[in-house]
Amino acid sequence: FFSSRRRHTRYWRDWSSDVCSSDLALAILRRQQPDAPWRLTIVGSGSAAYERELRSLADRLGLADRCRWLGHLEGEAKQEQLLRAHWLVLPSAAENFGIAVAEALACGTPVIVSPEVAVAELVAEAGAGLVSSSQPELLAATLSRALAGPTPAMRRAALNLAEQRLAWKAIAAELRSAYSSILRHP
């Protein structure tokens, strides 16, 4: 997503309130720290009208020169962007899981999520990123702290969380254990 002198990745979805919240936070950050070196790489797609609306919003908020729009990416191209990112940021009002978060963690990329993202508690417990309110002023403060970039320990924690809790093997073991418990105690 962003950090000093490096590229970052952010995914966007068709929830304009979430995007507006993060864009407003970035506008606040830019106003508070105009010389802070960061870049927003936006990966994903939506309707042409929605994308025009987002580009227009970035322009109105004075963020257009900080934005890099890559569109829809898959496979190695998406993985490359996640590996290059310092943060994946997903401030969502309601996210039932957050597959983009799991993908970032699997690349060792820490995340900044709001408490409404289902894996936020796991992220906080593992030290695999930051949990922040999506309220623009509070998110801007979190993004400001994130300018220093994640620590190597946080990157390791991100990868460990993905491998130990979010990988298919780990999920299958959890399901097996849950079903075994149910069968033993009907």
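In this chain, residues are counted from 1 in sequence order.
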Same cluster or not: are Val113 and Ile99 linked, directly or through other Ile, Leu, Val, Met, Phe, Trp or Tyr residues, by side-chain heavy atoms under 4.5 angstrom apart? yes
Heavy atoms only: give me the nearest Gln79-Cys107 pair and the separation to one decimal. CG-SG, 3.8 Å
pair Arg30-Asp65: side-chain heavy atoms closer than 4.5 Å: yes
State, yes or no, whether a side-chain contact exists between Glu51 and Ser47 at a heavy-atom distance under 4.5 Å. no
Please evaluate residues Thr142 and Ile112 with respect to the criterion side-chain contact (heavy atoms from CB on, under 4.5 Å), reporting the C-alpha separation (whole Å), side-chain torsions for both, the decisive distance (0.1 Å), and the verdict. CA-CA 8 Å; Thr142 300; Ile112 299 172; 3.9 Å; yes
Connected via hydrophobic side-chain network under 4.5 Å: Val131 and Leu88: yes
Could you tell me if the side chain of Leu26 sits less than 4.5 Å from the side chain of Trp38, heavy atoms only? yes
Check the hydrophobic clustering (I, L, V, M, F, W, Y; side-chain heavy atoms under 4.5 Å; chains of links allowed) and say if Leu82 and Val117 are grouped together. yes
Between Gln33 and Ser144, does the side-chain hydrogen bond (donor to acceptor under 3.5 Å, both in side chains) criterion hold? Intermediate values first, please. CA-CA 8 Å; Gln33 297 185 47; Ser144 179; 2.5 Å; yes
Between Val111 and Val89, does the side-chain contact (heavy atoms from CB on, under 4.5 Å) criterion hold? Intermediate values first, please. CA-CA 6 Å; Val111 298; Val89 179; over 6 Å; no
Exercise: identify the closest heavy-atom pair between Ala140 and Ala25: CB-O, 3.4 Å
Within a strict 4.5 Å, meaning less than it, do heavy atoms of the Leu83 and Thr109 side chains meet? no
Once rounded to the nearest 0.5 Å, what's the spacing between atom CZ of Arg68 and atom CZ of Arg39? 6.0 Å
Side-chain heavy-atom pair Tyr179, Ser181 within 4.5 angstrom cut-off: no
Work out which heavy atom in Ser132 is nearest to a heavy atom in Pro115; give both atom names and the distance. O-CD, 3.3 Å
Can you tell if the side chain of His72 reaches within under 4.5 Å of the side chain of Val43, non-hydrogen atoms only? no
Answer whether the closest heavy-atom distance between the side chains of Trp87 and Met154 falls below 4.5 Å. yes
Minimal heavy-atom distance between Ala128 and Leu161, with the atoms involved, is CB-CD2, 3.9 Å
Ser133/Leu139 under side-chain contact (heavy atoms from CB on, under 4.5 Å): CA gap, chis, key distance, verdict: CA-CA 6 Å; Ser133 167; Leu139 181 57; over 6 Å; no
When rounded to the nearest 0.5 Å, the distance separating CG of Leu63 from CG of Leu54 is 11.5 Å
Are Leu57 and Leu24 linked, directly or through other ILVMFWY residues, by side chains that come within less than 4.5 angstrom of each other? yes
Test side-chain contact (heavy atoms from CB on, under 4.5 Å) on Gln81 and Thr41 and set out the steps. CA-CA 9 Å; Gln81 290 303 313; Thr41 301; 3.9 Å; yes
Shortest non-hydrogen contact between Ala85 and Arg155, atoms and distance: O-NH2, 3.1 Å
Considering all heavy atoms of both residues, which atom of Gln164 and which atom of Ala170 are nearest to each other, and what is their separation? O-CB, 3.2 Å
Quick one, Arg60 with Ser56, criterion side-chain hydrogen bond (donor to acceptor under 3.5 Å, both in side chains). Give me CA distance, side-chain angles, the key distance, then yes/no. CA-CA 6 Å; Arg60 285 192 315 273; Ser56 176; 2.8 Å; yes
Distance in Å, Leu105 CG paired with Leu122 CG, rounded so as to fall on 0.5 Å steps: 9.5 Å
When you group the ILVMFWY residues by side-chain heavy-atom contacts below 4.5 Å and let the links chain together, are Leu159 and Leu166 in the same group? no
Please determine whether side-chain hydrogen bond (donor to acceptor under 3.5 Å, both in side chains) holds for the pair Ser114 and Ser134, giving the CA-CA distance in whole Å, both sets of side-chain angles, and the decisive distance to 0.1 Å. CA-CA 6 Å; Ser114 58; Ser134 58; 4.9 Å; no
Nearest 0.5 Å, please: how far is OG in Ser45 from CG in Leu70? 11.5 Å
